[in-house]
Amino acid sequence: MDYQMFCYQCQETAGCSGCTRAGVCGKTADVANMQDLLVYVTKGLSAVTTQLRREGKTIEPSVNHRVTLNLFITITNANFDKEMIIKAIEETLRVKQELLKQVVNQTRLPKAALWEGTVSQFEQKAKEVGVLATENEDIRSLRELITYGLKGLSAYTKHANALLKDNEEIDSFIQRALASTLDDSLTLNDLIALTMETGKYGVEGMALLDQANTQAYGNPRISKVKLGVNKNPGILVSGHDLRDLEMLLEQTQGTGVDVYTHSEMLPAHYYPAFKKYPNFVGNYGNAWWRQKEEFESFGGPILMTTNCIVPPKDSYKDRLYTTGAAGYPGCRHIAGEIGEKKDFSEIIAKAKTCPPPTEIETGEIVGGFAHNQVIELADKIVDAVKEGAIKKFVVMAGCDGRASSRSYYTDFAKALPKDTVILTAGCAKYRYNKLNLGEIGGIPRVLDAGQCNDSYSLAVIAMKLKEVFGLEDINDLPIVYNIAWYEQKAVIVLLALLYLGVKNIHLGPTLPAFLSPNVAKVLVDNFGIAGITTVDQDMEIFFGKSK
């Protein structure tokens, strides 16, 4: 087929089969192809580091960071800047060539580890090494499932790295698994086992990030977050990176510039360390896909610390700044490596020339129910369950997206029985976190644990409840899973839950296009994975009767 590109890594992929001309996310075919090549050369580098470890060599943290940054760059909606991606490819090839000199036995290395190319060859090479280069549909499906899980895991470890937390065992696994996706000798069963191992390291990666965040900023506490605006000019911070936010807050003190969060940065307000900044005003707007309207009305500069970027309108493109793995052509990129202090003076100066934000809503929102906070409330929660006040918990974590079908999650939340409590993390919460769903004995019916990065909290909460109820199987808990997904961080969360033994997860609004029928059958048969239907039908499935 005469495809200009092929990508099916996100939920919104065209026709639920694959984007072939341009990405629904907004990336062009040439950018998509360069991302494919970046993944390929990163797998080649990983094959070299894996062989060096076999030979007893030590890999420098900077090399590990290069691998995770590369994967993060290729996550949906993170980087649309072709030139930045080409520079990453060139740097990866340079690092790989230096490391190749140390390899004693190069006969075990795949072609990707030995390939050298110049920019003039990149376009042709990209066409040869994309997703469809693997002809067997089931092998391709599992390779991509593993690769997307590793992309999500790399995003989490990159955030931990930014807070100077590294884990060589996780980095070693990421690289070994990437290299394994190049190995044609691996069987379907081998790849299924590697998929589950990816879930294992997903749990460990999320635990690493949780430790990094809480040691740096304290355990999240129940907090009320302002939704309105002040009269000062402001900077809006989106994405996920808390270290970037911290540096910006430090540099805006005494400048007369306020700082607001957007989308996945909302949970920053739950951390004690951020409460000391008087100009940290509140949250502005909703989930990532609403940014075109909300970035325009905000009026001031926007800092994108990671994904999720929507290609910007001309009306605010000159106010959009990127940093870290994020990038968009024509937007200013603020540089800074891990451990370095980034200079945000340019964005602060820009803010001073802009009007205050236009208010789009008022009131406040409550969150901060990460595992430490919920475990402190465990006795109260257990009593409510034993007394029958809480009948079930519904995990509605994950991602939001543009598809109109996602209104299902708002309707589902509204239809839930009044004796249920929603456990959430990620931007999926914007579908229902501003609804007035009330409380049960002082416990809010929406418990927000934080970012998609904080999905680990939901696993810890489930394991704690399993312990206090004296259950042997996590699936005996009064918890059901109705999760929305969009991109690759949701993939690693899913694999982590499967590794922990969680079954009967419902995933929507569609099942991933990268699951071949046979691979999907494995997930259905072994874990009870299912899609969503209608609100009424799913109420029947989850609760035994329509609501």
Side-chain angles (χ1 to χ4, degrees), residues 7 9 34-55 57 59-75 78 85 88-89 91-97 99-100 103 106 108-115 125-126 128-131 133-134 139-158 161 166-187 190-202 204-205 325 487-489 491-492 495-496 514:
C7 181
Q9 68 178 358
M34 286 304 103
Q35 288 184 349
D36 285 347
L37 184 58
L38 180 57
V39 171
Y40 177 77
V41 298
T42 303
K43 289 181 177 183
L45 171 60
S46 296
V48 173
T49 60
T50 300
Q51 180 60 27
L52 285 172
R53 287 187 176 97
R54 290 193 191 107
E55 295 176 1
K57 307 289 197 323
I59 304 302
E60 292 295 321
S62 62
V63 177
N64 296 333
H65 296 164
R66 168 50 58 187
V67 171
T68 53
L69 176 61
N70 286 356
L71 292 182
F72 204 168
I73 285 172
T74 67
I75 279 182
I85 297 167
I89 295 169
E91 177 62 14
T92 303
L93 290 174
R94 185 194 67 77
V95 171
K96 186 192 70 177
Q97 288 305 116
L99 292 175
L100 266 173
V103 177
Q106 294 193 10
R108 298 186 64 175
L109 295 177
K111 292 179 181 178
L114 302 174
W115 183 73
K125 188 64 177 179
E128 299 169 4
V129 299
V131 171
T134 302
I139 296 292
R140 181 197 313 143
S141 178
L142 287 168
R143 283 178 171 176
E144 294 309 305
L145 176 58
I146 292 163
T147 300
Y148 302 154
L150 295 173
K151 288 186 180 188
L153 176 54
S154 290
Y156 295 153
T157 57
K158 172 67 168 59
N161 298 158
D166 286 87
N167 185 306
E168 164 63 20
E169 185 180 351
I170 295 174
D171 287 317
S172 176
F173 169 75
I174 290 172
Q175 292 157 39
R176 173 168 58 84
L178 282 173
S180 295
T181 64
L182 298 168
D183 188 347
D184 291 333
S185 71
L186 295 186
T187 65
D190 292 332
L191 291 171
I192 290 170
L194 185 59
T195 301
M196 295 309 299
E197 192 177 9
T198 303
K200 171 182 181 292
Y201 281 96
E204 295 187 15
E487 41 91 333
Q488 297 78 65
K489 283 176 284 184
V491 175
I492 192 60
L495 296 182
F514 53 81

Testing the basics here: between [X] and [Y], what is the closest heavy-atom pair and its distance to 0.1 Å?
X	Y	result
A47	A179	CA-CB, 3.7 Å
K111	Y40	C-OH, 3.9 Å
S46	L178	OG-CD1, 3.4 Å
A325	I73	O-CG1, 3.7 Å
Q488	T74	OE1-O, 4.4 Å
S141	F514	OG-O, 2.6 Å

Kindly compute the distance separating [atom1] ([X]) from [atom2] ([Y]), expressed to the nearest 0.5 Å.
X	Y	atom1	atom2	value
Q97	L114	CD	CG	8.5 Å
T198	L495	OG1	CG	6.5 Å
D36	K125	CG	NZ	12.5 Å
T181	L191	OG1	CG	8.5 Å
T42	L38	OG1	CG	4.0 Å
T187	I192	OG1	CD1	8.0 Å

Residues forming a side chain to side chain donor-acceptor pair (under 3.5 Å) with [X], sequence neighbours excluded:
X	result
D166	H65, N161
N64	R53, E168, Q175
K96	none
R66	N70

With sequence neighbours excluded, tell me which residues meet salt bridge (charged side-chain N to carboxylate O under 4.0 Å, His left out) with [X].
X	answer
R54	none
K200	E204
E60	none

- Query: How would you list all residue pairs meeting salt bridge (Lys or Arg N to Asp or Glu O under 4.0 Å) that involve residues 141-154, not counting sequence neighbours?
  - Reply: R143-D184
- Quick one: which residue pairs count as a salt bridge (Lys or Arg N to Asp or Glu O under 4.0 Å) with a foot in residues 169-178, not counting sequence neighbours? R176-E197
- Task: Step by step, work out the side chain to side chain contact (heavy atoms under 4.5 Å, CB included) result for I174 and L71.
- Result: CA-CA 10 Å; I174 290 172; L71 292 182; 4.2 Å; yes
- Message: Test of understanding: with side chain to side chain contact (heavy atoms under 4.5 Å, CB included), list the residues that count as partners of K57, not counting sequence neighbours.
- Response: L52, E55, V104
- side chain to side chain contact (heavy atoms under 4.5 Å, CB included) partners of S185, counting only residues at least two apart: D183
- Task: Please name all residues satisfying ring-ring contact (aromatic ring centres under 6.0 Å, His included) with F173, sequence neighbours left out, ordered by chain then number.
- Result: Y201
- Run through L194, T50, I146, D190 and flag the one making a side-chain contact (heavy atoms from CB on, under 4.5 Å) with S180. L194
